[in-house]
Amino acid sequence: MAGRNFLFVPGPTNVPDRVQRAMVVAMEDHRSSKFPELTLAALSELRKVFKTERGTPMIFPSSGTGCWEAALTNCLNPGDKVLAARFGQFTHLWIDMVQRLGFEAEILDSDWGTGAPVDRYLASLEADPKHRIKAVLVCHNETATGVTSDVAGVRKALDAARHPALLFVDAVSSLASIDFRMDEWGVDVCVSGSQKGFMLPAGLGLTCASEKALAASRTARQPRCYFDYADMTKANATGYFPYTPNLPLLYGLRESLRMLLDDEGLENVFARHRYLAAGVRAAVLEGWKLPLCAQAPEWWSDTVSAIVVPEGINGAHVIDVAFRRYNLALGAGLSKVAGRVFRIGHLGDLNELMVLGALAGAEMAMLDVGVRIEPGSGVAAAQRYWRAHDPVPHQRVAHREVVYASHSTGSTEGVKG
Ligand SMILES: Cc1ncc(COP(=O)(O)O)c(C=O)c1O
């Protein structure tokens with residue numbers, strides 16, 4: 001098909017051209033005396049993304065799933081009990097891993113479309129005076145349902161119950177897109193990956209462990225080898241890796257960190273995601289008049305929206321028509337919500353017009369399979385939202401002033417936008 005494929009799955013996300021170019025590198029000796037410059041700078045910059053001064057970031061050659069496994073196997077002992085809520089496919093899969101690795105899971109099953117039930121976490125922690133629960137698992141952003149959870153609330157529950165369990169957070173589809181605060185929220189292990197907010201291909205497991213988690217790992221007896229924190233932190237201390245690292249991805253990471261931290265600024269990145277997400281929600285709720293899977297505004301995710309299709313319509317059909325006819329990749333409904341939803345990923349390297357392309361394509365695909373929506377209604381609602389709001393207020397105001405000034409003088413001098 002001519003033109004670009006519109007990639008609107010919630011990861012992998014678009015890789016910006018400059019990140020692509022940064023990854024076109026000749027292979028080099030990863031044991032050279034120069035190599036540590038790359039590693040040490042990346043690890044130090046990653047601290048800013050995790051918002052930690054005390055934590056230790058690590059880069060594993062894996063996707064996010066590898067870092068789930070690393071968290072469990074490094075910090076726990078065989079048979080240990082963990083507490084976790086399940087309200088979507090990714091919360092389900094992490095719990096499944098807990099069980100397959102031989103740990104015991106206390107599961108808080110919640111409706112898909114809701115998020116971490118802080119009060120039930122608290123009740124379980126209070127009901128555990130002997131502190132058998134060794135780790136509490138929370139998914140910051142459940143990608144399957146488009147739900148963001150209150151990680152700080154779960155930390156408060158741990159503190160209120162005076163419970164010493166470690167707090168493990170899955171931030172695979174939130175880190176570098178939605179505000180995440182490792183130190184402030186007392187997170188012990190944060191798990192993420194390269195292919196979402198970091199705008200890279202999959203292949204780097206980005207994780208960060210607190211001092212408490214690293215202390216636990218020094219005595220924890222659960223077998224691990226490839227994902228051993230001790231091997232990784234020992235090699236990283238001098239700027240090396242315990243095995244051959246993926247060089248192109250590390251150069252790509254360096255470029256993506258420059259974009260996130262130096263060029264746009266992390267807080268502006270969060271504001272842009274919030275603003276784009278609000279436009280998508282205007283399209284879904286006001287334009288198409290369809291419900292989101294996320295049951296209440298408190299759960300709305302700024303990186304992915306799962307849209308519930310009307311009775312009698314198969315969400316997979318919408319996705320297939322969007323892909324085959326309009327070259328638009330939308331996210332599928334997974335497991336329990338298969339066929340009932342389709343997802344629009346709105347994270348990474350995106351702006352209004354790119355998202356409008358996805359909304360227009362989704363609209364056409366829905367009309368083609370018989371969803372009764374008003375043609376153009378979603379696109380119009382998103383446009384209305386974005387025209388009435390500023391993504392990062394001070395930047396847009398400055399830009400508008402320049403435009404108005406040039407109109408009043410009839411001159412185009414100084415027009416930047
Ligand atoms: C919330 C969440 N957790 C974990 C994963 C698994 O990560 P990966 O596919 O990078 O292994 C994903 C993948 O989409 C995810 O969205």
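Side chains are part of it too, since the values below use all heavy atoms of this structure and drop only hydrogens, waters and symmetry mates. We count ligands from 1, going down the list as the structure has it; atoms in each ligand are counted the same way.
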**OP:** Please list all pairs passing the salt bridge (charged side-chain N to carboxylate O under 4.0 Å, His left out) test where one or both residues lie in residues 211-222, with sequence neighbours left out.
**Re:**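 Residue pairs passing salt bridge (charged side-chain N to carboxylate O under 4.0 Å, His left out), neighbours aside: none found.
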Original post:
salt bridge (charged side-chain N to carboxylate O under 4.0 Å, His left out): which pairs involve residues 77-90, sequence neighbours left out?
Top reply: Lys81-Glu106, Arg86-Asp109
Can you produce the list of protein nitrogen or oxygen atoms under 3.5 Å from a nitrogen or oxygen of ligand 1, alongside each distance?
{"residue": "ligand 1", "atom": "3 (N)", "partner": "Asp170", "partner atom": "OD1", "Å": "3.4"}
{"residue": "ligand 1", "atom": "3 (N)", "partner": "Asp170", "partner atom": "OD2", "Å": "2.6"}
{"residue": "ligand 1", "atom": "10 (O)", "partner": "Gly64", "partner atom": "N", "Å": "2.8"}
{"residue": "ligand 1", "atom": "10 (O)", "partner": "Gln195", "partner atom": "NE2", "Å": "2.8"}
{"residue": "ligand 1", "atom": "11 (O)", "partner": "Ser63", "partner atom": "OG", "Å": "2.5"}
{"residue": "ligand 1", "atom": "11 (O)", "partner": "Gly64", "partner atom": "N", "Å": "3.3"}
{"residue": "ligand 1", "atom": "11 (O)", "partner": "Thr65", "partner atom": "N", "Å": "2.9"}
{"residue": "ligand 1", "atom": "11 (O)", "partner": "Thr65", "partner atom": "OG1", "Å": "2.5"}
{"residue": "ligand 1", "atom": "14 (O)", "partner": "Lys196", "partner atom": "NZ", "Å": "2.7"}
{"residue": "ligand 1", "atom": "16 (O)", "partner": "Thr143", "partner atom": "OG1", "Å": "2.5"}

Show me the donor-acceptor pairs within less than 3.5 Å that the side chains of residues 39-46 make with the rest of the protein, sequence neighbours left out.
{"residue": "Thr39", "atom": "OG1", "partner": "Gly239", "partner atom": "O", "Å": "2.8"}
{"residue": "Glu45", "atom": "OE2", "partner": "Lys48", "partner atom": "NZ", "Å": "2.8"}

Subject >> is_close_aromatic(Tyr243, Tyr226), centroid dist under 6.0 Å >> reply: yes
Subject >> Distance flag, aromatic centroids of Trp68 and Phe168, threshold under 6.0 Å >> reply: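 They do not qualify: ring centres at least 6.0 Å apart.
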Original post:
Pick from Thr13, Asn141, Thr303: which one makes a side chain to side chain donor-acceptor pair (under 3.5 Å) with Ser173?
Top reply: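 Of the listed residues Thr13, Asn141, Thr303, the side chain to side chain donor-acceptor pair (under 3.5 Å) partner of Ser173 is Asn141.
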